[in-house]
Number of protein chains: 2
Amino acid sequence: MSFDGQLPPKLRLLRAAAELLAKSAGAAVSTRQITQLAGVTAPTLYHHFGDKEGLFDAVVAAGFEEYVAGERDFAPSGQPLVDIRRMWDNHVQFGLKQPELYLVMFGNIRPESRPAIVADAEGLLEEMLNKAAAAGQLNVQPREAARSILAANVGVTLMLIAEPAAERNLELSTMTRDAMIFAVSRDQGREAGSEDSGKSSVVVAAIALNAALQASHSDQLTSSELKLFLEWLHRISTSSTG
Amino acid sequence: MSFDGQLPPKLRLLRAAAELLAKSAGAAVSTRQITQLAGVTAPTLYHHFGDKEGLFDAVVAAGFEEYVAGERDFAPSGQPLVDIRRMWDNHVQFGLKQPELYLVMFGNIRPESRPAIVADAEGLLEEMLNKAAAAGQLNVQPREAARSILAANVGVTLMLIAEPAAERNLELSTMTRDAMIFAVSRDQGREAGSEDSGKSSVVVAAIALNAALQASHSDQLTSSELKLFLEWLHRISTSSTG
DNA sequence: TAGCACCTATAGCAACGCTATATGAACTGA
DNA sequence: TCAGTTCATATAGCGTTGCTATAGGTGCTA
């Protein structure tokens with residue numbers, strides 16, 4: 001496949017660069033490869049984009065528009081925190097679908113382009129968090145919340161990209177996502193304390209499990225199993241030492 | 001400053017590479033620069049390290065030992081979650097002190113070296129989280145907690161590195177840190193906020209009891225009873241919903 | 001037709017990562 | 001003592017990279 005078609009050379013260069021960038025799994029892409037695929041010679045590239053980085057920046061800019069579109073393209077649910085969750089998932093999905101582009105956007109650190117992109121992504125989040133704050137659902141300043149959530153979001157996405165696609169466990173994402181959203185939202189329980197430090201952890205855990213089991217209707221065990229289980233649990237939770 | 005001294009060329013190459021890597025703010029470092037600073041010619045580099053990446057890997061390996069040393073070099077406080085907090089801060093400080101090295105270690109995605117390093121860093125965290133789990137302070141499996149915390153830790157550090165040193169606000173780190181540690185720790189307020197995000201209290205309690213039992217030598221149950229008990233416990237703690 | 005932007009091609013430079021080959025130094029065994 | 005072997009470094013140069021000085025072609029306005 002090549003782009004020697006009738007499109008203008010500038011666009012052909014953009015598409016060729018995007019395609020090669022996406023296909024070469026992290027490896028370097030040369031200007032000669034790009035210009036050849038675009039059916040164009042070297043000076044054309046430098047006429048339109050200044051230098052190689054300029055071309056890549058243009059590719060990134062296009063990719064970022066796609067990203068922003070994805071982040072905006074859903075009906076607001078009316079619950080800002082729910083929308084934030086969707087934005088997180090969109091972010092991760094974008095990274096997994098176009099890992100090379102994502103790495104150029106959020107992974108690589110080039111003092112010029114990256115902060116701008118990060119700032120834009122931050123802005124999208126902050127926008128939504130402002131609604132949450134207006135609804136009194138926020139625990140911290142929207143800007144700080146946006147920075148914190150985005151940092152974790154990027155970290156998780158990078159980690160997921162780094163590991164083989166087969167072993168990817170998206171629970172890492174959902175778990176971290178909920179942790180971050182919960183952390184910035186208002187309706188939290190109070191600070192973690194060390195109240196029950198007197199009893200052994202086994203006993204504490206057994207008591208907690210006992211209470212929880214009594215209150216729930218778990219069907220993981222049969223009734224006879226449950227009966228015996230609770231008896232043992234009782235034996236553990238009434239033991240004096242740990 | 002140069003390394004034409006009396007040190008063996010291999011070491012001179014390592015130090016020259018590390019120095020140039022640290023000084024060049026993210027820019028590329030050529031083998032010619034390195035060999036010249038080391039007072040050595042090109043083939044020497046390839047004799048000792050195979051290729052440029054091999055040399056950089058060696059630099060990273062040295063840097064990683066320093067990182068690990070930093071992560072281990074403090075007296076355990078007896079409170080695993082407090083130690084985890086220190087490990088987080090150590091991680092961030094390491095990244096800010098040697099940003100270029102950090103970027104090669106955690107930022108760059110090279111399918112070979114990075115996962116190994118990440119896995120090691122993950123191991124350090126998991127080690128400590130195991131103690132927390134044994135003390136019944138954990139809400140989730142130590143491995144999942146380690147992955148989640150490390151991902152957020154890397155994301156925060158990358159973001160801090162990316163922005164100008166003058167504007168760096170470490171509160172981003174402390175805030176995210178506490179959010180993550182709180183999220184994986186047991187003594188949270190219940191379920192709040194996002195409805196279906198947390199696990200049921202039964203599962204939480206079962207995980208804690210499981211970790212506590214593994215670490216203790218409870219003699220309240222016979223070994224055969226304990227075996228069956230743990231099996232049921234596992235069945236409960238791996239159920240998706242309460 | 002002339003003049004003027006704009007865009008593209010020819011050809012080539014300096015710097016890059018890397019290597020085929022050769023030379024020197026240090027050790028080994030008789 | 002000295003040839004044989006191995007390790008370590010140097011000379012010189014290959015192919016590729018990002019990039020550019022210069023020139024030529026194209027389509028417009030007058």
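A note on names: the letters A, B, ... follow the listed sequences, proteins ahead of strands, and every chain is numbered from 1.
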Base-contact (B) and sugar-phosphate-only (S) positions in nucleotides 9-18 of chain D, heavy-atom cut-off under 4.0 Å, - elsewhere: BBB-----BB
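- With sequence neighbours left out, Asp89(A) forms a side-chain contact (heavy atoms from CB on, under 4.5 Å) with Ser173(A), Arg177(A).
- Here Glu66(B) pairs with nothing under the salt bridge (charged side-chain N to carboxylate O under 4.0 Å, His left out) rule; sequence neighbours left out.
- Heavy-atom contacts of chain B under 4.0 Å fall on DNA chain C between two terminal nucleotides, which in 5' to 3' order are dC16(C) to dA20(C).
- Environment of CD in Glu171(B): sparse, with no more than 12 heavy atoms of neighbouring residues, nucleotides or ligands closer than 6.0 Å.
- Residues satisfying the ring pair (Phe, Tyr, Trp, His ring centres under 6.0 Å) criterion with Phe64(A), sequence neighbours excluded, are Tyr67(A).
- With sequence neighbours excluded, the residues satisfying side chain to side chain donor-acceptor pair (under 3.5 Å) with Glu126(B) are Arg143(B).
- The salt bridge (Lys or Arg N to Asp or Glu O under 4.0 Å) contacts involving residues 37-50 of chain B comprise nothing, where partners must be two or more places apart or lie in separate chains.
- Residues passing the side-chain contact (heavy atoms from CB on, under 4.5 Å) test with Ala132(B), sequence neighbours excluded: Pro80(B), Leu81(B), Gln137(B), Leu138(B).
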Pair up each side-chain donor or acceptor in residues 148-157 of chain A with any protein partner under 3.5 Å, not counting sequence neighbours, and list the distances.
from	atom 1	to	atom 2	distance (Å)
Ser148(A)	OG	Thr176(B)	OG1	2.6
Thr157(A)	OG1	Asn153(A)	O	2.7

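- Each end of the helix from dT1(C)-dA30(D) to dA30(C)-dT1(D) gets its own rotation axis from five pairs of C1' atoms, and the angle between them is 10° to the nearest 10 degrees.
- Thr44(A) meets the side-chain contact (heavy atoms from CB on, under 4.5 Å) test with Pro9(A), Leu13(A), Val40(A), Thr41(A), His48(A); sequence neighbours excluded.
- Checked against side-chain contact (heavy atoms from CB on, under 4.5 Å), Arg32(A) has the following partners two or more places apart in sequence or in another chain: Ser30(A).
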